[in-house]
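Computed from a predicted structure; not experimentally measured. As the structure lists them, so they are numbered: ligands from 1, and atoms in each ligand from 1.
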Amino acid sequence: MPKDFLTLADWSAEGLLALLDRARELKQLRQQSKGHQTLPGRVLAMFFEKPSLRTHVTFEAGMTQLGGHAILLRPEQVGIGTRESPQDVANNLSCWVDGIVARTFSHALVEELARVARIPVINGLTDLLHPCQVMADLQTIAEKCALKDAVIAYLGDGNNMANSLILGAAVLGLELRLATPASHRPALRVRKQADELAAASGAKISWSEDPVEAVRGAGFIYTDTWASMGQEDERELRKKIFQAYQLNAKLLAQSDDAYAMHCLPAHRGEEITDEVLDGDRSLVLVQAENRLHAQKAVLERLLGAPR
Ligand code: CP
Ligand code: NVA
């Protein structure tokens, strides 16, 4: 088992499916108000360079529910790279806590923290990847149909969400159809890695520029913001580039009565309309809820091993 949770590509299909099984159990335990304090006394440091609602709250609440504790660290308090080096931060945190969640701009920084730290490091989103979100998304899809039967379409920007969905599909052998402008395809390094994984898993991952082609026959249609955190200055330009990829009622009607998915936060009226986001085919709040359960499964797995 990998020490860290940086990218789904580091995990086997069996490893990811075991996490999803445990996430399902943890959801049931919470729904039945049954205690599940499997990480008593464990402490998680949460380092966030970017804003967060879901990731911050679900990791902190998750640690409390598991009997542990979480500490939020803001970049101005820590000063990674200015006040002290990533190596020194990782070495110091390793003396005091049992795991680190890091949300950073640079993916290389999370990799560096993980390389040095003697404790597990969990990727809470980087410019490249958002694996924790995809675990919650897979749990959400699995509540509706067997994962192997799911046909997932992703529309819009080839960003960290697209990259992580690709790797999740590639490891687990799923069908994923991406529709993005040619200028905003997912990262080449991710596509190459996914091709290698798909050769072994049988995943069917396709790309086109045509959103209608992607959603026809799809059971799940996923979209994300057109301007990710750090790209706010490009928002107006991006609205023009991605307009044809908006997930609206007309596009949803081209599918097989698909469910609508979004990691949130949404820019209502841009990548998704209110009608779809709030409609009866929307799974967005289930996805958000499942962040809690999926991440608790990851925390148990990584922080629960003997000290
Ligand atoms: N989906 C997600 O990661 O939300 P936050 O940015 O609020 O954490
Ligand atoms: N692509 C988005 C995801 C937010 C959860 C971003 O990086 O801002």
Worksheet item: Should His184 and Trp226 be marked as a side-chain contact (heavy atoms from CB on, under 4.5 Å) after you check the CA-CA gap, both sets of side-chain angles, and the distance that decides it?
Response: CA-CA 10 Å; His184 290 76; Trp226 294 335; over 6 Å; no

Fill in: Closest protein heavy atom to atom 6 (O) of ligand 1, given as residue, atom name and distance to 0.1 Å
Arg103 NH1, 2.8 Å

Item to complete: Please work out whether any backbone atom (N, CA, C, O) or any side-chain heavy atom from C-beta onward of Leu125 is under 4.0 Å from ligand 2, and answer side chain, backbone, both or neither.
Response: side chain

Worksheet item: So is Arg103 polar-close to ligand 2, meaning N/O to N/O under 3.5 Å?
Response: no

Item to complete: Would you check whether Ser228 has a nitrogen or oxygen atom less than 3.5 angstrom from a nitrogen or oxygen atom of ligand 2?
Response: yes

Worksheet item: Closest non-hydrogen protein atom to atom 7 (O) of ligand 2, residue and atom name please, with distance?
Response: Asn160 ND2, 2.8 Å

Worksheet item: Is the side chain of Ser282 donor-acceptor paired with the backbone N or O of Asp278 at a distance under 3.5 Å, no angle test?
Response: no

Worksheet entry | Check: Asn163 side chain, Ala187 main-chain N or O, donor-acceptor pair, under 3.5 Å | yes

Practice prompt. Verify, without hydrogens or angle tests, whether Ser85 (side chain) and Asp88 (backbone) share a donor-acceptor contact under 3.5 angstrom.
Written response: yes

Item to complete: Mind checking whether Lys50 contacts ligand 1 via backbone (N, CA, C, O), side chain (CB onward), both or neither, at a 4.0 Å heavy-atom cut-off?
Response: neither

Discussion item. Looking at ligand 2, is there an atom of it that comes within less than 4.0 Å of some heavy atom belonging to Leu264?
Written reply: yes

Fill in: Any pair counted as side chain to side chain donor-acceptor pair (under 3.5 Å), so long as it reaches residues 189-208, sequence neighbours left out
Thr180-Trp207

Worksheet item: Among all protein non-hydrogen atoms, which one is nearest to atom 7 (O) of ligand 1, and what is the separation to 0.1 Å?
Response: Leu53 N, 2.7 Å

Worksheet item: What are the atoms of ligand 1, with element, lying closer than 4.0 Å to any heavy atom of Cys263?
Response: 1 (N)

Practice prompt. Among all protein heavy atoms, pick the one closest to atom 8 (O) of ligand 2 and tell me residue, atom and distance.
Written response: Met229 N, 2.8 Å

Worksheet item: Nearest protein heavy atom to atom 4 (O) of ligand 1, by residue and atom, and its distance?
Response: Arg54 NE, 2.8 Å

Worksheet item: Considering only the protein, which heavy-atom contact is closest to atom 3 (C) of ligand 2, and what is its distance?
Response: Asp224 OD2, 3.6 Å

Under 3.5 Å, which donor-acceptor pairs do the side chains of residues 67-77 form with other protein atoms, sequence neighbours left out?
residue : atom : partner : partner atom : Å
Arg74   : NH1  : Phe48   : O            : 3.4
Gln77   : OE1  : Arg74   : N            : 2.7

Discussion item. Does only the side chain of Leu125 get under 4.0 Å from ligand 1, or the backbone, or both, or neither? Count heavy atoms.
Written reply: neither

Worksheet item: Can you tell me if Lys296 and His36 form a side-chain donor-acceptor pair at under 3.5 Å?
Response: yes

Worksheet item: atom 3 (O) of ligand 1: which protein heavy atom is closest, and how many Å away?
Response: His130 NE2, 2.8 Å

Worksheet item: Does a donor on one side chain and an acceptor on the other come within less than 3.5 Å for His130 and Ser164?
Response: no

